There are 2 protein chains.
Amino acid sequence: MSLVTDADKPTLYKRIRADIEKRILTGEWPPGHRIPFEHELVARYGCSRMTVNKALSELAQADLIERRRRAGSFVRRPQHQSAVLKIADIRAEITALGRSYGYELIGRKLRAATAADRDRLGVKKAGKVVAITCRHSADKVPFAVEDRLIDLSSVPDAAAADFSREPPGSWLLHHVPWTEAEHTISAIVADDRTAEALDIAVGAPCLVIDRYTWRSARTITAVRLLYPGDSHRLVARFKGG
Amino acid sequence: MSLVTDADKPTLYKRIRADIEKRILTGEWPPGHRIPFEHELVARYGCSRMTVNKALSELAQADLIERRRRAGSFVRRPQHQSAVLKIADIRAEITALGRSYGYELIGRKLRAATAADRDRLGVKKAGKVVAITCRHSADKVPFAVEDRLIDLSSVPDAAAADFSREPPGSWLLHHVPWTEAEHTISAIVADDRTAEALDIAVGAPCLVIDRYTWRSARTITAVRLLYPGDSHRLVARFKGG
DNA sequence: TTGACTTATATGTCTAGACATATAATCGTA
DNA sequence: TACGATTATATGTCTAGACATATAAGTCAA
């Protein structure tokens, strides 16, 4: 029940960090404002430079401030435009809900990249690709259909991989470290094929996630996930600051 | 053109961090795995403890590992990827696209909270609320419709605010600092009312964003944004490693 | 005025210590 | 066997220095 008694005072660097955070949050130090230099904070708090440095480094890692050599540290533009969107691995997502996970490979083709494939992967010339279509289900009910393209010139091992039991997402996660990715979220209505795969009505809303994954400027994979729009929800939670 | 020549080697603590990160991302060190103790890393890299501590602290701040006193540091379970989802202020979003922003208030009501209102705001008892419906447009074309509820017990000033010119989102942004928010993304098909407001066909797909904003456990506002599903795209980009 | 050079300075990284603290593991006792 | 006290240890925090490095700002010449 206790109303944050705050009996134990936090450590010094955390207090420094909290002090600065509060000033930023309340707008006392607006975006662009230069916060005191390390040596000034050292004087104010009567501690060593490493202590204030730790506080400022964490604020920088949290994207609350930006640090520039010789110039100082500055309050960054508010992040109210960005949220941390947790997009779990589908299997983890389903098991986390306490439901049984089911996976079914619908199709797998190894082929020379077509023009459409190259376009989708965002590469000019590609050798071979693997195209996979599969379905994820929760408690035997279709949860999402996946339509994926893997660039074999980036992930040669994928040619030998059999995706009949392991979903390509999990396989890739364990075989290829990604460095960058982009998600695009949109909505469509189900066409015949989608409706059948998801066991929903034609014309029902679907949430679409297109994900592209790179590894240092090399495209690894492009995947489109279709979820029944009324059943699935993407939750993005974030803390302001 | 240069193929990542990597001429300048990163600093030591960054190398340590990257080494560990790579092992985690490749699955070599799966969730739950205990990573080497600080003193072991000190021995391996031939540096001081503060250097490996900085690397591990950053990994902990990034939620990649969990540190437990006396026990060690462990790879964290949630293998889910987190992406920075940019959900811009709609005006900023539209002007960023180089299009002219238009705003139109459709309705504004001040009323005692109904049961539905309380449910939507997630509060047990609420005094009054403001319910606002408005439309955002880009180049005179409907871009999104907004349906918002503001809890006046949290934001009393909103009772006096006239939202005929300024969108409630901007107003709140400038008057109330939030501390936490949650977005839920889903898809629906347009009903008659929505179709008319967005000037799209009935049955066309719509992307829905439900956003709840709190300020230290106090609900501030609940808003539902409806975008034409085929025209709007939410882009979430994130860097791995 | 412009461009090249120099300098001052704030941050970036690192060290070799120190003491604090939570807790896993051990030991001893009921 | 179960439980309580003790101990060992890995992390948490902090210091008072050091040198590196990017760069804003000032200086000077063309």
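The chains referred to below are lettered A, B, ... by the order of the sequence lines, with proteins before strands, and numbering in each begins at 1. Quick caveat, the model's predicted, so the values are computed rather than measured.
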Rounded to whole angstroms, how far apart are CD on A/E38 and P on D/dC14? 15 Å

Across all chains, not counting sequence neighbours, the ring-ring contact (aromatic ring centres under 6.0 Å, His included) partners of B/Y13 are none

Partners meeting side-chain contact (heavy atoms from CB on, under 4.5 Å) with A/A60 (sequence neighbours left out): A/I65, A/R67

Take atom CD1 of B/I16 and atom P of C/dC14, then tell me their distance rounded to the nearest Å. 8 Å

Closest to the B/K14 side chain, choosing from D/dA16, C/dT13, C/dT15: C/dT13

With sequence neighbours left out, what residues match A/F37 under ring-ring contact (aromatic ring centres under 6.0 Å, His included)? A/H39

Atom CG of B/L41 to atom C1' of C/dC14: distance rounded to whole Å? 16 Å

In this structure, how many angstroms lie between the C1' atom of D/dC14 and the CZ atom of A/R15, rounded? 14 Å

Name all residues meeting the salt bridge (charged side-chain N to carboxylate O under 4.0 Å, His left out) criterion together with B/R70; count only those two or more places apart in sequence or in a different chain, and write none if there are none. none

Expressed in angstrom and rounded to an integer, what is the separation of B/H39 atom NE2 from D/dG12 atom P? 14 Å

Mind checking if B/S57 touches a base, just sugar-phosphate, or nothing, with heavy atoms under 4.0 Å? nothing

Using only side-chain N and O atoms of B/T11, determine if any of them is under 4.0 Å from OP1 or OP2 of C/dG12. no

Rounded distance in Å - CZ (B/R17) to P (C/dG12): 13 Å

Minimum-distance nucleotide to A/N53 side chain [options: C/dT13, C/dA10, D/dT13]: C/dT13

A/D147 bridged to A/R224 by N-O distance under 4.0 Å: no

Tell me what B/L12 touches on the nucleic acid: a base, only sugar-phosphate, or nothing, going by heavy atoms under 4.0 Å. sugar-phosphate

5′-ward residue of the pair B/S73/A/Y13 relative to DNA chain D: B/S73

Would you indicate whether the side-chain heavy atoms of B/V223 and B/L149 approach each other to under 4.5 Å? no

List for me each residue that meets side-chain contact (heavy atoms from CB on, under 4.5 Å) alongside B/Y45, sequence neighbours excluded, and say none if there are none. B/L12, B/R15, B/I16, B/D19, B/L41, B/C47

Rounded interatomic separation in angstrom, taking CD from B/E66 and P from C/dT23: 11 Å

Would you give a per-nucleotide map of nucleotides 17-28 of chain D, 5' to 3', where B means the base has a protein non-hydrogen atom under 4.0 Å away, S means only the sugar-phosphate does, and - means neither? -B--BBBBS---

Side-chain N or O of B/T51 less than 4.0 angstrom from OP1 or OP2 on C/dT13? no

Taking CZ from B/R34 and C1' from C/dA24, how many angstroms apart are they, rounded to a whole number? 13 Å

Per nearest nucleotide of DNA chain D, the residue lying toward the 5' end, A/S48 or B/L56, is B/L56

